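Values in this document were obtained by computation on a predicted structure and should not be read as measured data.
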Amino acid sequence: MNKSWLAIIFLIISNQAMTQTSHFLPQQPPQGSGAINIVVSNLDENEGDTYFAEAEKNERNGELNEAVTLFGKAAFEYNSAKQFARYGEALMRLSNVHYQLAHFSEAEQVVLNVALKNYSKIGSRNGQMESYSQLGRIYLALNKPTQSLWFYTQQGILAKQIGNSSAYIESVLGAANVKIRKKNTL
């Protein structure tokens, strides 16, 4: 089984495990002043930043398989630290490295099954727009013009809604590339 698939499966399982409540912790309220003190560790986030930086370096150096592993680890750490914006960013970078490796189905699965859901959950319209753009590129590479056009259209709709003219232009150019590819295959 491909390392990247294992990383994706691990991310999904860990995300599901994080959402379940623990049966080992006492369920009684704290006693005393009524104030609740929560201690949060930055360790996971810091490790995520370290993995992310290393992954970027590997990507720049052309060590794409190592970058896949490190972006996956960064995503896991960000998810554990509940840094969902950074989690989405790591997932998108992971998908992009898969795309560069021509692992289009892996790139698709990361965006469609994990990143897009994460961005929807946190209400990040920019993240959703970026996910739609990436899916448009992936489906175009997979020679699935109908799906590609649909995702570029969704990107354009969101770009208009949030007033991002460069993303709107990108969606129009993506749609134009789809139509050109369709015309050339007829």
> How many angstroms lie between atom CG of Leu135 and atom CD of Gln155, to the nearest 0.5 angstrom?
Replying inline: 10.5 Å
> Phe104, Met92: one ILVMFWY side-chain cluster at the under-4.5 Å cut-off?
Replying inline: yes
> For the residue pair Ser95 and Ala107, what are the closest heavy atoms and their distance?
Replying inline: OG-O, 3.0 Å
> Do you know the tightest heavy-atom contact between Tyr119 and Gly88?
Replying inline: OH-C, 3.0 Å
> Rounded to the nearest 0.5 Å, what separation is found between the CD1 atom of Ile162 and the CE atom of Met129?
Replying inline: 4.0 Å
> Looking at CD of Glu63 and NZ of Lys57, how far apart are the two atoms once the value is rounded to the nearest 0.5 Å?
Replying inline: 9.5 Å
>> Leu173: which residues meet the side chain to side chain contact (heavy atoms under 4.5 Å, CB included) condition with it, sequence neighbours left out?
In response: Ile169
>> Keeping Tyr78 on the side-chain end and Gly48 on the backbone end, is there a donor-acceptor pair under 3.5 Å?
In response: yes
> Among the clusters formed by ILVMFWY side chains lying less than 4.5 Å apart, do Tyr87 and Ile122 turn up in the same one?
Replying inline: yes
> Looking only at heavy atoms, what is the nearest atom pair of Ala67 and Ala55, with distance?
Replying inline: CB-O, 3.6 Å
> In Å and rounded to the nearest 0.5 Å, what is the CG to OG1 distance from Leu64 to Thr69?
Replying inline: 11.0 Å
> Judged by atom type as modelled, is there a donor-acceptor pair below 3.5 Å linking the side chain of Asn118 to the main-chain atoms of Val114?
Replying inline: no
> Can you name the residues that form a ring-ring contact (aromatic ring centres under 6.0 Å, His included) with Tyr168, not counting sequence neighbours?
Replying inline: none
>> Checking His98 against Leu94 for the side-chain contact (heavy atoms from CB on, under 4.5 Å) test, could you report, in this order, the C-alpha distance in whole Å, the side-chain angles of both residues, the deciding distance, and whether it holds?
In response: CA-CA 6 Å; His98 277 303; Leu94 174 63; 3.9 Å; yes
> Is Glu59 close to Leu70 at the side-chain level, that is, under 4.5 Å between some pair of heavy atoms?
Replying inline: no
> Is the ring centre of Tyr132 less than 6.0 Å from the ring centre of Tyr152?
Replying inline: no
>> Just verifying a value: how many Å separate Glu66 CD and Asn61 CG, rounded to the nearest 0.5 Å?
In response: 11.5 Å
> Between Gly156 and Ser171, what is the shortest heavy-atom contact and its length?
Replying inline: CA-OG, 3.2 Å
> So which heavy atom on Glu170 is nearest to which on Ser133, and how close?
Replying inline: OE2-OG, 2.6 Å
> Would you say Ser148's side chain and Lys144's backbone share a donor-acceptor pair under 3.5 angstrom?
Replying inline: no
> According to a 4.5 Å side-chain heavy-atom criterion applied to Ile, Leu, Val, Met, Phe, Trp and Tyr, with indirect links allowed, do Leu101 and Tyr139 form part of one hydrophobic cluster?
Replying inline: yes
>> Are Trp150 and Leu112 connected into the same hydrophobic cluster when the rule is that any two of I, L, V, M, F, W, Y join if their side-chain heavy atoms are below 4.5 Å apart?
In response: yes
>> Working to the nearest 0.5 angstrom, can you tell me the gap between Arg137 CZ and Phe151 CZ?
In response: 14.0 Å
> Do the side chains of Leu116 and Val97 join up, straight or via other hydrophobic residues, at under 4.5 Å, putting them in one cluster?
Replying inline: yes
>> Could you go through Arg93 and Glu56, starting from their C-alpha distance and side-chain angles, then the distance that decides it, and tell me whether this counts as salt bridge (Lys or Arg N to Asp or Glu O under 4.0 Å)?
In response: CA-CA 9 Å; Arg93 295 294 298 274; Glu56 284 184 314; 2.9 Å; yes
> In terms of the angle between their ring planes, are Phe71 and Phe52 parallel, tilted or perpendicular, with boundaries placed at 30° and 60°?
Replying inline: perpendicular
